[in-house]
Asks: 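This is the structure, below, for whatever I ask next.
Here the structure is a predicted model, which means the values were calculated and not measured.
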Amino acid sequence: MPRVVPSQVVTLIDTVFPAAAKTEGGWNLNPDHQHVVAAIIHMVSEIPAELLTLDADTNSAFICSMAAIRHTVSQWGGGHPEQLK
């Protein structure tokens with residue numbers, strides 16, 4: 001499998017959720033997005049650790065955010081968060 005780099009995840013998000021890059025207005029995710037959000041989770045989990053150069057606070061926020069996203073997708077699909085690693 002090819003190596004995943006952070007910019008690939010950003011490109012995927014920008015492609016499937018163009019509103020995410022806009023600073024004004026709001027947009028929502030819903031269960032219809034569960035497959036693409038699960039794909040984003042998978043891609044992020046494939047990024048080599050050495051490419052995630054985050055300070056301690058940012059790393060903690062990143063871990064909490066990924067847990068929240070996994071939980072949300074599991075709720076949408078009736079699954080379990082641990083299945084989304």
Side-chain angles (χ1 to χ4, degrees):
M1 178 174 277
R3 181 176 170 142
V4 176
V5 297
S7 62
Q8 290 172 294
V9 179
V10 172
T11 298
L12 175 60
I13 293 168
D14 288 345
T15 299
V16 296
F17 300 120
K22 297 180 181 175
T23 57
E24 52 199 70
W27 62 285
N28 295 307
L29 295 176
N30 61 59
D32 293 337
H33 300 114
Q34 67 182 331
H35 295 95
V36 71
V37 175
I40 292 167
I41 292 168
H42 178 77
M43 284 186 74
V44 169
S45 71
E46 294 294 314
I47 297 171
E50 67 269 13
L51 297 182
L52 295 175
T53 55
L54 308 172
D55 62 53
D57 290 341
T58 304
N59 188 56
S60 295
F62 173 74
I63 291 168
C64 290
S65 297
M66 290 303 297
I69 294 166
R70 283 186 182 99
H71 176 75
T72 298
V73 172
S74 74
Q75 294 298 303
W76 286 342
H80 302 282
E82 62 274 6
Q83 295 172 336
L84 298 171
K85 292 181 180 176

Asks: Taking side chain to side chain donor-acceptor pair (under 3.5 Å) as the test, write out the residues that go with D55, two or more places apart.
Replies: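 By the side chain to side chain donor-acceptor pair (under 3.5 Å) rule, D55 matches T58.
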Asks: For S65, what residues pass the side chain to side chain donor-acceptor pair (under 3.5 Å) criterion, not counting sequence neighbours?
Replies: none
Asks: P6: which residues meet the side-chain contact (heavy atoms from CB on, under 4.5 Å) condition with it, sequence neighbours left out?
Replies: I47, L51
Asks: Got a sec, which pairs hit ring pair (Phe, Tyr, Trp, His ring centres under 6.0 Å) with one end in residues 48-68, sequence neighbours left out?
Replies: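 Qualifying pairs, neighbours excluded: none.
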Asks: Considering all heavy atoms of both residues, which atom of H33 and which atom of W76 are nearest to each other, and what is their separation?
Replies: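 Result for this residue pair: C-CZ3, 4.2 Å.
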Asks: Taking ring pair (Phe, Tyr, Trp, His ring centres under 6.0 Å) as the definition, give me every residue that meets it alongside H35, ordered by chain and number, with sequence neighbours left out.
Replies: none
Asks: Please identify each residue that fulfils side-chain contact (heavy atoms from CB on, under 4.5 Å) with D32, with sequence neighbours left out.
Replies: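 Applying side-chain contact (heavy atoms from CB on, under 4.5 Å) to D32 gives N30.
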Asks: Can you give me every donor-acceptor pair (side chain of residues 8-19, partner residue at least two apart or in another chain, under 3.5 Å) with its distance?
Replies:
unit_1: Q8; atom_1: OE1; unit_2: V5; atom_2: N; d: 2.7
unit_1: T11; atom_1: OG1; unit_2: S7; atom_2: O; d: 2.9
unit_1: T15; atom_1: OG1; unit_2: T11; atom_2: O; d: 2.7

Asks: Once rounded to the nearest 0.5 Å, what's the spacing between atom CG of N59 and atom SG of C64?
Replies: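 SG of C64 is found 9.5 Å from CG of N59.
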